[in-house]
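Just so it is clear: chains get the letters A, B, ... in the order the sequence lines come, proteins before strands, and each one is counted from 1.
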There are 2 protein chains.
Amino acid sequence: MSHAIRPETRRGRPPAGQSTLSRQAILGAAMDVVDGKGVEAVSMRTVARVLGVDPKSLYNHVENKDALLDGIAGLILSRMVVPDSCGGLREDLTAIARAFRGAALAEHPRAARLVLTRPVESLITLEPLEVALAAFLRAGASPEVAVHCLRTMLAFITGTLLREAEAAFTLALSDPDMATERQRTLEAVELPSVRAAAPHLAKCDHEQEFDFGLGLLIDALECRLG
Amino acid sequence: MSHAIRPETRRGRPPAGQSTLSRQAILGAAMDVVDGKGVEAVSMRTVARVLGVDPKSLYNHVENKDALLDGIAGLILSRMVVPDSCGGLREDLTAIARAFRGAALAEHPRAARLVLTRPVESLITLEPLEVALAAFLRAGASPEVAVHCLRTMLAFITGTLLREAEAAFTLALSDPDMATERQRTLEAVELPSVRAAAPHLAKCDHEQEFDFGLGLLIDALECRLG
DNA sequence: ACCTGAACACCGTTCAAGT
DNA sequence: ACCTGAACACCGTTCAAGT
């Protein structure tokens, strides 16, 4: 994951076979920046600095900054390991959902926003979709309904992971002290249901929420399809 | 929605009562920029230009750019009209979901990304949450389960609207010509389920997807609670 | 084919000096 | 209390000139 720093700047075409610069190297360096300092720290200049290269050189391999960001998102998704189908709708969907969560969040937590928030180069990610669609079809869905089911699942997962990445609306706070303070605030409010739910609103076990929602959704799908 | 342009720059404290600058005016101007040119066009400088003011003056009323962006998101959410509860779980949840969709997407489409993607100043948005929580409690949920249900709903809505705002992964393309081209591509792929579903994957009726997912989710909730 | 110097038109933000 | 000039440390990107 570390990338060599060039000892000195040099002008003109690099000696044959020595060009360290490539789209792949650039994406790797960009991933390093994301993992180390977050997405906001990614700039053509910081990425070039990691590689020991002039920022403008990047434009020989990457269209622009937006394409670079898309490239990172694509790279992460392409590393998603799709588990083999094992027959049951519930098992298959759970496995895919967890695989997606692993790729988008566990491996590169600081890149989650990027993966979830950018329309990614599509063909990279077809295999996971295939497995999910196959599961729906096998459960008796028409192709049209299977796509609806897929999109519902995907929306839920996206929203949940975005919350987990602290990039979406929540009342919950991850810091325990602030969470209890938040609870006090919510208990002092005039809205009765909010007040009753205050302890649960103030904190959030992401793992548990993920499982709850997923279970609920799969129940509904099984019910509608079978 | 239009904001006066100051005829000339002027230094020092403004004549009493004439200060046009205020947090509210700044947020209004920022909303104009978002609506007119998109979120990416928002900068301290562009917002100041709309107001005919020096960019640095904004810092007297707004902590920094991030706070400004959060302010916009909060403003939009605060304008969400919460429908009165009318008893049924299905009706109430549908109404709230549609209200959220209206506020986050219909009113200011170019700001959707902002609303969906930023942890918003919380107390603004408590009323809608109250209505939803009340519905879950009335349907027999414990406070803990009610919060789980709420979060599942919210995640689904967030993910769906993000897709609709073209800020999340889809295979579908809104341009009809590109959509049919995409369909051809998907039909040429080696994955059988993807191929079977190609026509439906290539396009997306957002309204319909929203209703499908919402219906599915509410089915599951009714089933689990009742 | 690939790199860089010079250059352009932008950013957010601080702080001291003005009224 | 509120505004701005001067200033700083950043951005993304183009293009022509180099090898």
Which atoms form the tightest heavy-atom contact between [X] and [Y], and what is the distance?
{"X": "B:Leu126", "Y": "A:Val194", "answer": "O-CG2, 4.2 Å"}
{"X": "A:Leu201", "Y": "B:Arg151", "answer": "O-NH2, 3.1 Å"}
{"X": "B:Val47", "Y": "B:Ile26", "answer": "CG1-O, 4.0 Å"}
{"X": "B:Ile96", "Y": "B:Met80", "answer": "O-CE, 3.9 Å"}

Would you mind telling me which of [options] lies closest to the side-chain atoms of [X]?
{"X": "A:Thr46", "options": "D:dC11, D:dT13, D:dT4", "value": "D:dC11"}
{"X": "B:Lys56", "options": "D:dT4, D:dC11, D:dC15", "value": "D:dT4"}
{"X": "A:Lys65", "options": "C:dT14, C:dC11, D:dT13", "value": "D:dT13"}
{"X": "B:Ser43", "options": "D:dG5, C:dG12, D:dC11", "value": "C:dG12"}
{"X": "B:Arg45", "options": "C:dG12, D:dG12, D:dC3", "value": "C:dG12"}

Margin query: Using a heavy-atom cut-off of 4.0 Å across all strands, would you classify A:Asp54 as base, sugar-phosphate, or nothing?
Written below: sugar-phosphate
Margin query: Taking any heavy-atom pair under 4.0 Å as a contact, classify A:Ser57: base, sugar-phosphate, or nothing.
Written below: base
Note to self: Does A:Arg45 form a salt bridge (Lys or Arg N to Asp or Glu O under 4.0 Å) with A:Asp54? I'd like the steps, not just the answer.
What the structure shows: CA-CA 8 Å; A:Arg45 287 160 143 102; A:Asp54 189 283; over 6 Å; no
Separation of [N] [atom2] from [X] [atom1] (nearest whole Å):
{"X": "A:Leu58", "N": "D:dT13", "atom1": "CG", "atom2": "C1'", "result": "12 Å"}
{"X": "A:Ile26", "N": "C:dC3", "atom1": "CD1", "atom2": "C1'", "result": "12 Å"}
{"X": "A:Asp66", "N": "D:dG12", "atom1": "CG", "atom2": "C1'", "result": "11 Å"}
{"X": "A:Asn64", "N": "D:dC15", "atom1": "CG", "atom2": "C1'", "result": "17 Å"}
{"X": "B:Leu51", "N": "D:dC3", "atom1": "CG", "atom2": "P", "result": "11 Å"}
{"X": "B:Leu69", "N": "C:dC11", "atom1": "CG", "atom2": "P", "result": "14 Å"}
{"X": "B:Asn60", "N": "C:dT19", "atom1": "CG", "atom2": "P", "result": "17 Å"}
{"X": "A:Tyr59", "N": "D:dA16", "atom1": "OH", "atom2": "P", "result": "17 Å"}

Item checked: Separation between the P atoms of C:dA9 and D:dA9, rounded to whole Å ->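 That atom pair is separated by 22 Å.
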Next item on the list: Pull out every stem in DNA chain C, meaning runs of 3 or more consecutive Watson-Crick or G-U wobble pairs with both distances under 3.5 Å.
Entry: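 C:4-8 with D:12-16, C:12-16 with D:4-8 - these are the stems of 3 or more pairs that involve DNA chain C.
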Check: A:Thr117 versus B:Phe169: any side-chain heavy-atom pair under 4.5 Å?
Finding: no
Note to self: Quick check on B:Asp84: does its CG atom have over 12 non-hydrogen neighbours (other residues, nucleotides or ligands) under 6.0 Å away?
What the structure shows: no
